[in-house]
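Have a look at the structure below before the remarks.
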Amino acid sequence: MTEHRVGTPEEWQAERDKLLAEEKELTRRGDELTKKRQELPWVPVEKEYAFETEEGTKTLADLFDGRSQLLIYHFMFGPTYEAGCPVCSSIADSIAPQVPHLEARDVTAMFVSRGPLEKLQSYRQRMGWDIGWASTVGSDFNRDIGFLHTEEELKPFLESGEIPLTVTQNAEMCDTDAAGYVAEGPGLSVYAMSDGTVYRTYVTTARGLEQPAMSFYGLLDRTPVGRNEPPDEPLWIRRHDEYQEAAR
Amino acid sequence: MTEHRVATREDWLTARKELLKREKEHARQSDEIARRRQELPWVPIEKEYVFEANDGKKTLAELFDGRSQLLVYHFMFGFGLRVDQQNPGCTGCSFAADHFDGVIPHLNGRDVTLVSESIAPLEELRPYKERLGWKFPWVSSLGSDFKFDFGAAFTEEQRENGAEFNFRHVDHPAPQREGMSAFAIEDGVVHHTYSTYDRGVEALMGTFGFLDRAPAGRNDGAETWWRRHDEYGMP
């Protein structure tokens with residue numbers, strides 16, 4: 001178990017009080033950032049994008065499904081994948097149950113991937129997620145936001161001989177190779193609809209996804225051991241039906 | 001729709017990059033606080049707490065279910081937001097609980113068990129859990145001092161004369177409040193490591209995180225907008 005001191009309730013309390021002041025400060029700074037995000041200008045999306053859904057081909061405006069705001073999670077499930085990225089799957093575990101609450105705030109939440117619709121649908125069924133998932137028609141939608149990388153862009157990384165263990169492991173778990181796996185990028189893009197025009201308002205990726213979409217990190221940050229992710233070990237995250245816990 | 005400026009992609013990108021710097025700073029601050037949480041001393045628990053679980057009576061040590069760390073969500077039941085006979089679970093806690101089943105496999109994968117506890121007989125928790133379609137472990141702390149000792153329930157005397165809630169004095173605390181406590185077990189001894197209340201539980205509610213990134217935000221207004229997930233759209 002992790003190194004630690006043992007204290008009396010009074011000692012704990014004194015340190016907890018100090019920490020609480022900092023936690024409150026962090027919360028307030030978080031609120032300020034939210035305000036700043038809402039002050040970002042909106043950018044009209046002028047290009048026409050098409051998506052394959054279970055209800056046929058749709059435009060980006062159609063994806064709002066009658067609501068005024070749209071959250072798209074760019075789920076890494078590329079054309080060469082046989083199963084979705086395990087880390088994106090952990091994110092999906094967090095997002096899917098929130099759909100009723102987001103819809104109540106006039107927000108449609110869904111996933112978008114480059115993989116074919118049939119593969120996305122059967123994977124969604126396996127994982128038990130009740131959320132919309134569209135396949136992009138062509139690759140421009142992901143490419144235009146920076147969530148799709150070309151072979152040429154990836155060449156230096158792939159030929160560097162320094163592909164992280166996590167990438168190799170995740171590529172294997174998706175039945176693709178490293179090049180196929182990292183061609184896709186994870187991310188969140190957010191849209192608003194006003195007077196029939198679609199605007200892009202916000203985009204985030206990497207650790208920007210932790211706070212909204214990886215609630216287990218927020219919880220692990222409050223456990224005695226924490227995230228416990230040594231840099232020389234591949235990432236611990238698995239699909240929720242693939243964990244094999246050590247003998248208990 | 002909410003007030004906003006319209007800009008070119010280049011102008012947006014400039015503003016977004018500036019904001020990203022601050023978001024990264026916030027993430028680093030959050031990492032630092034997580035590190036400080038792990039430095040808190042552990043307090044051995046000497047009192048015996050007994051809970052009623054689906055498979056019989058359990059001690060606090062048994063709630064770990066073989067793992068080394070335990071998170072207990074203090075779920076308000078029979079008291080709270082929009083609570084009545086048909087709807088005995090607090091609406092805010094039910095909203096929080098909608099986030100549990102998705103994260104539990106991943107927490108378990110990190111040797112962490114997440115359990116909810118409420119002051120109510122198991123027979124009352126069961127039908128409510130079934131109605132909301134939850135799978136997470138939920139135990140009854142009825143008859144135990146547990147929720148009181150960990151700052152999420154208050155005796156009549158405390159409600160009358162005041163008590164500490166969220167680590168500060170409150171003149172007349174409510175009978176129950178939301179919160180979460182963390183424990184570690186080592187060599188058979190259970191230690192209390194951390195507790196959080198009030199907005200501290202937002203950390204487990206990704207919905208707020210998403211709304212904080214949506215153009216209209218949480219849009220809280222004066223009213224708490226959230227409902228049980230099967231109640232939206234009802235009059």
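Every chain is numbered from 1, with letters handed out A, B, ... down the list of sequences.
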**His101(A) side chain to Tyr232(B) side chain, donor-acceptor N/O pair below 3.5 angstrom** = yes
Do side-chain atoms of [X] reach the backbone of [Y] as a donor and acceptor pair under 3.5 angstrom?
X         : Y         : value
Arg110(B) : Asn228(A) : yes
His26(B)  : Gly30(A)  : yes
Trp12(A)  : Thr193(B) : yes

Checking heavy atoms, do the side chain of [X], its backbone, both or neither come under 4.5 Å from chain A?
X         : result
Phe95(B)  : both
Leu40(B)  : both
Glu32(B)  : neither
Val112(B) : side chain
Arg35(B)  : neither
Glu186(B) : side chain
Thr207(B) : both
Asn166(B) : both

Relative to chain B, which segment of [X] carries a heavy atom at a distance below 4.5 Å: side chain, backbone, both, or neither?
X         : value
Asp17(A)  : side chain
Thr201(A) : both
Val203(A) : both
Arg37(A)  : both

**Asked** Run the ring-ring contact (aromatic ring centres under 6.0 Å, His included) check on His106(B) and Tyr243(A) step by step: do they pass?
**Response** CA-CA 8 Å; His106(B) 305 289; Tyr243(A) 281 106; 5.4 Å; yes
**Message:** Under a 4.5 Å cutoff for heavy-atom pairs, which residue among Ala182(B), Ala184(B), Ala27(B) has the most contacts with chain A?
**Reply:**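 Of Ala182(B), Ala184(B), Ala27(B), Ala184(B) has the most heavy-atom pairs under 4.5 Å with chain A.
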**Request:** Would you mind telling me which of Met205(B), Glu18(B), Gln29(B), His229(B) has the largest number of heavy-atom pairs within less than 4.5 Å of chain A?
**Result:** Gln29(B)
**Shortest non-hydrogen separation from Val225(A) to Gln69(B) and the atoms involved** =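 Taking every non-hydrogen atom into account, N-OE1, 3.0 Å.
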[Y]/[X] salt bridge by N-O under 4.0 Å criterion:
X         : Y        : answer
Arg22(B)  : Glu32(A) : yes
Arg29(A)  : Glu25(B) : yes
Arg207(A) : Asp31(B) : yes
Glu23(B)  : Lys36(A) : no

**Request:** Might you work through the salt bridge (charged side-chain N to carboxylate O under 4.0 Å, His left out) test for Asp31(A) and Arg199(B), ending with a clear yes or no?
**Result:** CA-CA 12 Å; Asp31(A) 293 344; Arg199(B) 289 197 65 189; 2.7 Å; yes
**Item:** Arg105(A) side chain near Phe210(B) side chain, heavy-atom distance below 4.5 Å
**Value:**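 With C-beta onward as the side chain, the pair stays apart.
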